[in-house]
Amino acid sequence: MKNEVTVSALNRALEIRDYCNKLQLGYDRAPDCHFYVGPDSFRLSDNQLDIFVNQGELFRTWFEITLELCTRAYRDDSMSWLADLIEGESPDHVRQVHRQVHLSGLLNIPLFARPDMSAIGASVEVQTPGSGWGYQTAIHNMVGKSRWTGPINGLKQAVKAMTGSHSTPSAYVLYNDPFFPEVEYFCRLCGEAGMQLQMHFKTLPSASEVKFVRRPPLEDLLSYEGGSELVQSWLDGQLVLEPGPSLLFDQKLAILFPFHPRLREFYPDSVRQLFPETYLVARDSRLVFNGKPLSLDELSSLSGSKRQFILKYAGAKKGLRAGGKAVYNLSDCNHQKVRELLVMALEDWEKHRSPWLIQKRVQQKYPIVFLDHVAEEIREAQYYALFRPMYSFLPDEPSAIVAMTALFRKDWKVHGSSDAVTLPVEV
């Protein structure tokens, strides 16, 4: 009986692998799907499901408070330091647009956001709106009957809610070449589902052509011909930009706000509990982990086993803002390397206004079953995880999870890679 089950699982996993390979969604145009798959979904318990579902409204609250604080920073001179923090190293013309947007009073929370959770309920980052829509659609389609509506239906509902029709002329603007195949795939399936969603690669539609645009990062948007016109059309109420044209959505910075000594009073404890304790690397920062103050000098002197912290870049600079880049596990570094990294982060902030964060490390392994497609064997393992629920926040509707995937990896830094196991998450 056991052999029959194993053979069945192997055949199912090979079928899924073949399905993914034929889609040719490989990252950076790899010839295959460029990740490991499993014979089944990662299954949540009812309690685990409740955690994901209940956090939706807390993320909405976090977004609302954060946007309000940023807008207040442009109207209250006593909070101008916050505007400087958010603008960081962004060019002057990007700062000007960002300020205009916040002062317009038109900015709303994003329609979509995808937290990255290193353990269920512990978000180390929040991607807005999050990449990988094609991958998530393919993975969602592996499941015969999913609990989630799926990325395509999620976007259809959002376009309809914002424009009155799911078939409104829309655009998905891609700015990074490695994702070209999967975005092309996603837009094609959206078209088959009745949407008018056109993919634009490092170009923009004219404001007269579309009413809904899934935008690239703000600096990229403004660097393309017609970018300023799109923002002006958004300001005039003629089209929807998703997310709205704020720098807050292009960087990791805002996860530190609930812990910042000058901002934490604005956030309820329930919102603070969404994230591991996170602080800006600056000479005047007051770090408090597990209720105990800790200076940067003290942190670098701790033993490796007690130095359970992550150092990560948190700004909007190209090449560093995504893909697991500029992220360091300080417990893996010796004392000298930790000091060098902290000095680098301090100088980057003081000289260039490039923000770096220190974050309490949350690590947890989960049992998974996956296909070793080289040996063509089903394996079981305990791997580190990155859960990626995609939340939607439609106006006048409760938050909802439209799709959920998870990555698993032997190494602590879990991200999309050829040695990562990618599974749909179901109940």
Side-chain angles (χ1 to χ4, degrees), residues 52-72 97-98 100-115 123 126-131 133 136 147-173 186 190 193-197 205 207 210-218 221 230-250 254 257 266-268 270-271 274 388-404:
F52 283 113
V53 172
N54 293 338
Q55 284 195 342
E57 289 306 310
L58 294 175
F59 280 113
R60 185 197 293 271
T61 299
W62 172 65
F63 276 120
E64 290 172 343
I65 295 171
T66 301
L67 288 179
E68 181 183 347
L69 288 172
C70 183
T71 298
R72 188 186 302 183
V97 169
H98 178 259
Q100 182 183 13
V101 163
H102 275 270
L103 288 172
S104 72
L106 300 172
L107 193 63
N108 293 312
I109 71 168
L111 298 173
F112 297 97
R114 193 205 70 206
S123 295
V126 180
Q127 312 295 339
T128 312
S131 61
W133 286 61
Q136 291 177 93
R147 176 187 179 88
W148 323 115
T149 187
I152 292 175
N153 284 329
L155 186 62
K156 281 181 68 174
Q157 293 166 4
V159 172
K160 182 176 181 179
M162 301 305 294
T163 68
S165 171
H166 71 260
S167 60
T168 299
S170 305
Y172 188 124
V173 182
F186 176 72
C190 284
M195 298 182 67
Q196 292 190 54
L197 181 64
V210 293
K211 295 298 182 183
F212 187 101
V213 179
R214 199 279 202 187
R215 73 166 176 90
L218 185 58
L221 175 69
L230 279 184
V231 173
Q232 187 59 52
S233 293
W234 177 87
L235 287 166
D236 294 339
Q238 296 174 357
L239 57 78
V240 177
L241 287 177
E242 168 56 18
S246 169
L247 286 168
L248 282 169
F249 302 138
D250 299 345
F257 291 2
F266 298 104
Y267 294 89
S270 57
V271 167
L274 291 171
R388 290 177 157 176
M390 181 191 288
Y391 289 93
S392 69
F393 306 101
L394 302 188
D396 304 318
E397 291 189 25
S399 60
I401 298 173
V402 300
M404 195 184 315

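For reference, positions follow the sequence shown, starting with 1.
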Can you tell me how far the CH2 atom of W62 sits from the CG atom of L274, to the nearest 0.5 Å? 8.5 Å

Test of understanding: with salt bridge (Lys or Arg N to Asp or Glu O under 4.0 Å), list the residues that count as partners of R114, not counting sequence neighbours. D116

For S131, does its backbone N or O pair with a side-chain atom of Q136 as donor and acceptor, under 3.5 Å? yes

Audit row: K160, M195, side chain to side chain contact (heavy atoms under 4.5 Å, CB included) steps and yes/no: CA-CA 10 Å; K160 182 176 181 179; M195 298 182 67; over 6 Å; no

Report yes or no: does D250 contribute a side-chain atom to a donor-acceptor pair with the main-chain N or O of L218 at less than 3.5 Å? yes

Residue set satisfying side-chain hydrogen bond (donor to acceptor under 3.5 Å, both in side chains) with S270, at least two apart, ordered chain then number -> none

Write down the atom of V101, the atom of L107, and the distance for their closest heavy-atom approach. CG1-CD1, 3.9 Å

Check the pair V402 / N153 against side chain to side chain contact (heavy atoms under 4.5 Å, CB included), numbers first and verdict last. CA-CA 8 Å; V402 300; N153 284 329; over 6 Å; no

Over all heavy atoms of both residues, which pair between G154 and T149 is shortest? Give the atoms and the distance, please. N-CG2, 4.2 Å

Sole candidate of R60, E57, Q55 that passes side chain to side chain donor-acceptor pair (under 3.5 Å) when paired with S399: E57

With sequence neighbours left out, what residues match L103 under side-chain contact (heavy atoms from CB on, under 4.5 Å)? Y74, R75

Between L241 and W234, the two heavy atoms sitting closest are N-CD1, 3.5 Å

So, using ring-ring contact (aromatic ring centres under 6.0 Å, His included) as the criterion, who are the partners of Y172 when residues are at least two apart? none

From CA spacing to verdict: side chain to side chain contact (heavy atoms under 4.5 Å, CB included), L248, L67: CA-CA 8 Å; L248 282 169; L67 288 179; 3.7 Å; yes

For a 4.5 angstrom cut-off between non-hydrogen side-chain atoms, does S392 reach Q157? no

In terms of the angle between their ring planes, are Y391 and F393 parallel, tilted or perpendicular, with boundaries placed at 30° and 60°? parallel

Output all residues satisfying side-chain hydrogen bond (donor to acceptor under 3.5 Å, both in side chains) with S104, sequence neighbours left out; order by chain, then residue number. none

Say whether, by atom type as modelled, one donor and one acceptor occur between the side chain of R215 and the main chain of G244 under 3.5 angstrom. yes

Please give me the minimum heavy-atom distance between A113 and T128, naming the atom from each residue. CB-OG1, 4.4 Å

Residue set satisfying side-chain contact (heavy atoms from CB on, under 4.5 Å) with K211, at least two apart, ordered chain then number -> T163, T168

Those residues at least two apart in sequence (or on a different chain) that pass side-chain contact (heavy atoms from CB on, under 4.5 Å) with E68 are R72

L230 side chain reached by P245 side chain, heavy atoms, under 4.5 Å: no

Can you name the ring-ring contact (aromatic ring centres under 6.0 Å, His included) partners of F186, sequence neighbours left out? W133

Shortest non-hydrogen contact from G194 toward S167: O-CB, 3.5 Å

Could you tell me the separation between the CZ atom of R388 and the CD atom of Q127, rounded to the nearest 0.5 Å? 7.0 Å

Residue list, ring-ring contact (aromatic ring centres under 6.0 Å, His included) with F212, at least two apart or on another chain: none

So Y267 and T61, side chain to side chain donor-acceptor pair (under 3.5 Å) or not? Walk me through it. CA-CA 9 Å; Y267 294 89; T61 299; over 6 Å; no

Just so I know, are the side chains of L221 and V231 near enough to count as touching, which here means a heavy-atom distance under 4.5 Å? yes

Working to the nearest 0.5 angstrom, can you tell me the gap between F249 CZ and F63 CZ? 6.5 Å

Residues in side-chain hydrogen bond (donor to acceptor under 3.5 Å, both in side chains) contact with S246, at least two apart in sequence or another chain: H98, H102

Sorted by chain and residue number, the side-chain hydrogen bond (donor to acceptor under 3.5 Å, both in side chains) partners of D396 (sequence neighbours excluded) come out as none

For P169, enumerate each residue passing the side-chain contact (heavy atoms from CB on, under 4.5 Å) test, keeping only those at least two apart in sequence or located in another chain. Q196

Check: L111 main-chain N/O paired with E242 side-chain donor or acceptor under 3.5 Å: yes

How far apart are the closest heavy atoms of V159 and S170, and which atoms are they? CG1-OG, 3.9 Å

